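Chain identifiers are assigned alphabetically (A, B, ...) following the order of the sequence lines, protein sequences preceding nucleic acid strands; residue numbering begins at 1 within each chain. These numbers come from a predicted model, not from an experiment. Just so you know, these numbers use all the heavy atoms, side chains as well, and skip hydrogens, waters and symmetry mates.
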Amino acid sequence: MEHKVKIYNSLSGKKEILTPRNEQFVGMYVCGPTLYSEPHMGNMRTFINFDLVYRYLLHAGYKVKYVRNITDAGHITNSAGQEEDSIGKAARLEQLQSLEIVYKYNVKFQELQRLYNMLPPSIEPTATGHIQEQIEIIEKILENGYGYSVNGSVYFDTKRYMQDFNYGILSGRKVEELENETRTLNNQDEKRFFADFALWKKANPEDMQIWRSPWGDGNPGWHIECTAMSTKYLGKQFDIHGGGMDLKFPHHEDEIAQSCGSFGCQPASIWMHANMLNVNGQKMSKSLGNFFLPKEIVEGTSPLFKKPYAPNVIRFFMMQAHYRSTLDITETGLDAAEKGLNRLMEGLKLIEKVSHSASTSFKWKELVDSFDEAMQDDFNAPILIANLFEAVRYINLINDGKETITLEHLGILQTAMQVFIFQVLGLFSEEQGQDNRLNPVMDLVLNLRSQAREQKDWTTSDKIRDGLAAAGIVVKDGKEGTTWS
RNA sequence: GGUCUCAUGGCCGAGCGGUUAGGCACCGGUCUGCAAAACCGUCUACAGCAGUUCGAAUCUGCUUGAGACCUCCA
């Protein structure tokens with residue numbers, strides 16, 4: 001099958017056909033989390049979205065090298081007039097060493113990836129594991145004249161860079177405009193120009209992590225790690241660079257500047273930005289405090305929601321919105337997703353039991369093709385899902401004898417649905433974790449109840465049903481027997 | 001303040017100049033001892049005001065409202 005995947009490129013503002021530099025091989029770099037706390041649901045949305053991208057590219061037949069970094073070096077920032085690094089701060093608060101913090105939250109992050117059925121990237125390199133590579137790139141930038149060192153720190157010389165390159169090419173920012181709007185920043189004295197950014201920062205006495213460099217002991221700047229690791233694993237130029245929308249400026253802009261400044265070329269052909277997860281119309285964020293953790297929602301301990309939602313439901317909920325749109329997470333939204341997902345899964349089960357005919361009465365080929373078409377158009381999962389529901393409708397109609405399908409077409413449809421639901425959307429096949437010790441008990445109880453029903457002993461049968469309902473077990477009398485859940 | 005995005009039926013959410021996306025809810029029906037569930041069907045919306053066009057949710061301008069970035073952030 002011919003796969004023409006169109007991707008919206010933030011750099012050009014247009015959808016472009018993916019043309020990998022190296023035939024079937026796609027190199028994709030995605031900015032990962034800074035592990036100073038447990039990732040929240042908003043963080044997860046970005047990673048789930050890129051998991052979808054990864055999954056679809058694999059499905060489309062590409063050999064994808066998917067690199068997602070782990071930021072385990074706390075970058076010094078100026079917040080509230082104080083210099084601090086996020087990981088060091090967390091370490092002090094929790095009375096642990098920096099690497100303990102990173103290790104602890106990395107374990108959690110790995111758990112979450114499994115919980116949400118994310119495929120592991122090809123490699124998850126860490127910032128601290130690539131200090132040498134970062135230093136080497138900084139040296140190149142200095143050699144090329146796009147940086148300068150002051151008092152043991154190194155800064156990127158934006159003004160000099162702008163003579164040769166376009167700073168703001170990604171974010172559309174004009175430095176002149178930025179300048180007028182500069183807020184009061186601390187520590188400006190070392191920088192020659194307000195838009196310069198740190199490549200290397202001299203160590204403070206209280207820093208928990210310190211590395212040696214040609215400029216003295218210190219810490220790498222925030223942006224340089226991604227340049228170093230993307231270059232190391234994917235080369236100076238690769239196909240796709242992704243990340244959250246909030247990283248577009250300055251992080252990604254500065255990555256471009258660093259690549260151009262060191263190697264003279266842009267790192268990625270296509271830049272992808274996943275949009276934010278909102279709570280009440282506002283971006284979920286650590287600083288606003290409106291976030292909740294992935295585990296809270298799965299365990300039902302989040303104060304925002306009355307009941308727990310399965311990871312599958314959350315994933316499906318997110319897949320129903322396009323990755324470039326903001327998505328508001330709400331209780332009604334999750335409830336709707338839960339029911340919708342159930343409908344989809346029921347349809348998938350029914351397809352196995354449905355009977356075939358001598359001919360197919362509907363446009364089955366068009367339907368099957370529509371799955372790929374949706375995803376080829378900038379990974380439009382909402383349309384894919386709409387088309388899958390269309391398929392479910394047909395399955396139900398076949399089951400009701402209102403439409404027909406041949407054995408061959410049925411097989412193709414079934415396979416396609418399974419592939420897109422499980423492999424591409426990354427939903428799970430079965431809700432796991434039912435206590436199977438309960439099964440024989442339920443068989444016994446429901447057997448007794450059906451005996452009562454056969455004798456039209458409604459008092460007994462309803463008593464059993466009500467009793468089970470009180471215990472949280474819902475009994476449903478279907479055409480083909482009674483089910484419970 | 002600057003830059004940029006977005007405003008879709010009761011709710012969520014696609015749409016990128018001309019075919020009622022889809023899900024949830026509602027309502028009607030099928031099924032059923034009752035109930036629940038399930039299934040089928042119905043529900044023709046595009047913030048406001050101008051303009052371009054044979055034709056606009058979709059393009060342009062203005063107005064109003066919301067958000068993002070400019071500071072760490074997925």
Whole-Å [atom1] distance, [N] and [M]:
{"N": "B:rC39", "M": "B:rU32", "atom1": "C1'", "answer": "13 Å"}
{"N": "B:rG41", "M": "B:rU20", "atom1": "P", "answer": "16 Å"}
{"N": "B:rA35", "M": "B:rU30", "atom1": "P", "answer": "13 Å"}
{"N": "B:rG65", "M": "B:rG23", "atom1": "C1'", "answer": "27 Å"}
{"N": "B:rU44", "M": "B:rA21", "atom1": "P", "answer": "11 Å"}
{"N": "B:rA36", "M": "B:rG22", "atom1": "C1'", "answer": "26 Å"}
{"N": "B:rC11", "M": "B:rG29", "atom1": "P", "answer": "26 Å"}
{"N": "B:rA25", "M": "B:rA38", "atom1": "P", "answer": "8 Å"}

By the 4.0 Å heavy-atom rule, please label [X] as base, sugar-phosphate, or nothing.
{"X": "A:E338", "value": "nothing"}
{"X": "A:V475", "value": "base"}
{"X": "A:M284", "value": "base"}
{"X": "A:D335", "value": "nothing"}
{"X": "A:L397", "value": "sugar-phosphate"}

Using the test side-chain contact (heavy atoms from CB on, under 4.5 Å), find all partners of [X] that sit at least two apart in sequence or belong to another chain.
{"X": "A:Y116", "result": "A:M41, A:M44, A:I48, A:L112, A:M118, A:P294, A:I297, A:V298, A:P311, A:I314"}
{"X": "A:D378", "result": "A:I7, A:Y8, A:K15, A:H322, A:Y323, A:R324"}
{"X": "A:A336", "result": "none"}

Tell me: [atom1] of [X] to [atom2] of [N], nearest whole Å?
{"X": "A:F371", "N": "B:rG22", "atom1": "CZ", "atom2": "P", "value": "14 Å"}
{"X": "A:H273", "N": "B:rA68", "atom1": "NE2", "atom2": "P", "value": "17 Å"}
{"X": "A:I464", "N": "B:rG33", "atom1": "CD1", "atom2": "P", "value": "17 Å"}
{"X": "A:K248", "N": "B:rC69", "atom1": "NZ", "atom2": "C1'", "value": "9 Å"}
{"X": "A:L350", "N": "B:rC39", "atom1": "CG", "atom2": "C1'", "value": "9 Å"}
{"X": "A:H251", "N": "B:rU71", "atom1": "NE2", "atom2": "C1'", "value": "15 Å"}
{"X": "A:Y29", "N": "B:rA74", "atom1": "OH", "atom2": "P", "value": "13 Å"}
{"X": "A:L247", "N": "B:rU71", "atom1": "CG", "atom2": "P", "value": "14 Å"}

By nearest atom, which of the nucleotides [options] is closest to the [X] side chain?
{"X": "A:R393", "options": "B:rA35, B:rC40, B:rA74", "answer": "B:rC40"}
{"X": "A:R173", "options": "B:rC40, B:rC34, B:rC69", "answer": "B:rC69"}
{"X": "A:A386", "options": "B:rG67, B:rC72, B:rA21", "answer": "B:rA21"}
{"X": "A:R453", "options": "B:rC34, B:rC70, B:rC16", "answer": "B:rC34"}

Review point. Is any side-chain nitrogen or oxygen of A:R343 closer than 4.0 Å to OP1 or OP2 of B:rC39?
Key: yes
**Study point:** Short side-chain N/O contact from A:K339 to OP1 or OP2 of B:rA37, under 4.0 Å
**Key:** no
Practice item. Taking A:N380 for its side chain and A:M375 for its backbone only, find out whether a donor-acceptor pair lies under 3.5 Å. Key: no
Practice item. Could you tell me whether a side-chain N or O of A:K307 sits under 3.5 Å from a main-chain N or O of A:G300, the two making a donor and an acceptor? Key: no
Exercise for review: Please identify each residue that fulfils ring pair (Phe, Tyr, Trp, His ring centres under 6.0 Å) with A:F156, with sequence neighbours left out.
Suggested key: A:Y161, A:F197
Revision key, fill the gap. Residues at least two apart in sequence or cross-chain that pass ring pair (Phe, Tyr, Trp, His ring centres under 6.0 Å) with A:Y29, listed by chain then number, are A:H241
Point to revise | A:L277 vs A:N380, nearer the 5' end of RNA chain B by closest nucleotide | key: A:N380
Point to revise | Residue met sooner reading RNA chain B from 5', once A:K15 and A:K456 are mapped to nucleotides | key: A:K15
Practice item. Write out all pairs satisfying ring pair (Phe, Tyr, Trp, His ring centres under 6.0 Å) with one or both partners inside residues 366-390 of chain A, taking only residues at least two apart or from two chains. Key: A:F371-A:F420
Identify all pairs in which a protein N or O lies below 3.5 Å from an N or O of nucleotides 10-13 of chain B, and state each distance.
| residue | atom | partner | partner atom | Å |
| --- | --- | --- | --- | --- |
| B:rG13 | O2' | A:Q320 | O | 3.3 |

Check your understanding: Which salt bridge (charged side-chain N to carboxylate O under 4.0 Å, His left out) pairs, counting each pair once, include a residue from residues 27-37 of chain A, with sequence neighbours left out?
Key -> none
Exercise for review: For residues 104-124 of chain A, pull every pair meeting salt bridge (charged side-chain N to carboxylate O under 4.0 Å, His left out), keeping only residues two or more places apart or in separate chains.
Suggested key: A:E38-A:K108, A:R68-A:E124, A:E94-A:K104, A:E111-A:K295
Practice item. Identify, residue by residue, the members of residues 117-125 of chain A with a heavy atom below 4.0 Å from RNA chain B, and return them in order of residue number, or none. Key: none
Point to revise | Per-nucleotide pairing state of RNA chain B [Watson-Crick or G-U, under 3.5 Å; [ ] pseudoknot-crossing; | other strand] | key: ((((((((.[[[..)..(...]]]..((((.......)))).....[[[[[..)....]]]]])))))))....
Exercise for review: Identify, with sequence neighbours excluded, every residue that meets side-chain hydrogen bond (donor to acceptor under 3.5 Å, both in side chains) alongside A:R393.
Suggested key: A:E390
Exercise for review: Answer with yes or no whether A:N275 presents, from its side chain, a donor or acceptor under 3.5 Å of a partner atom in the base of B:rG67.
Suggested key: no
Point to revise | Distance-only side-chain donor-acceptor flag, A:N69 / A:E225, under 3.5 Å | key: yes
Check your understanding: Do you know the tightest heavy-atom contact between A:S171 and A:F249?
Key -> OG-CD1, 3.3 Å
Practice item. Take the angle between the ring planes of A:F109 and A:F47 and call it parallel below 30°, perpendicular above 60°, tilted in between. Key: perpendicular
Review point. Does the ring of A:F389 lie flat against the base of B:rG23, closer than 5.5 Å centre to centre with planes under 30°?
Key: no
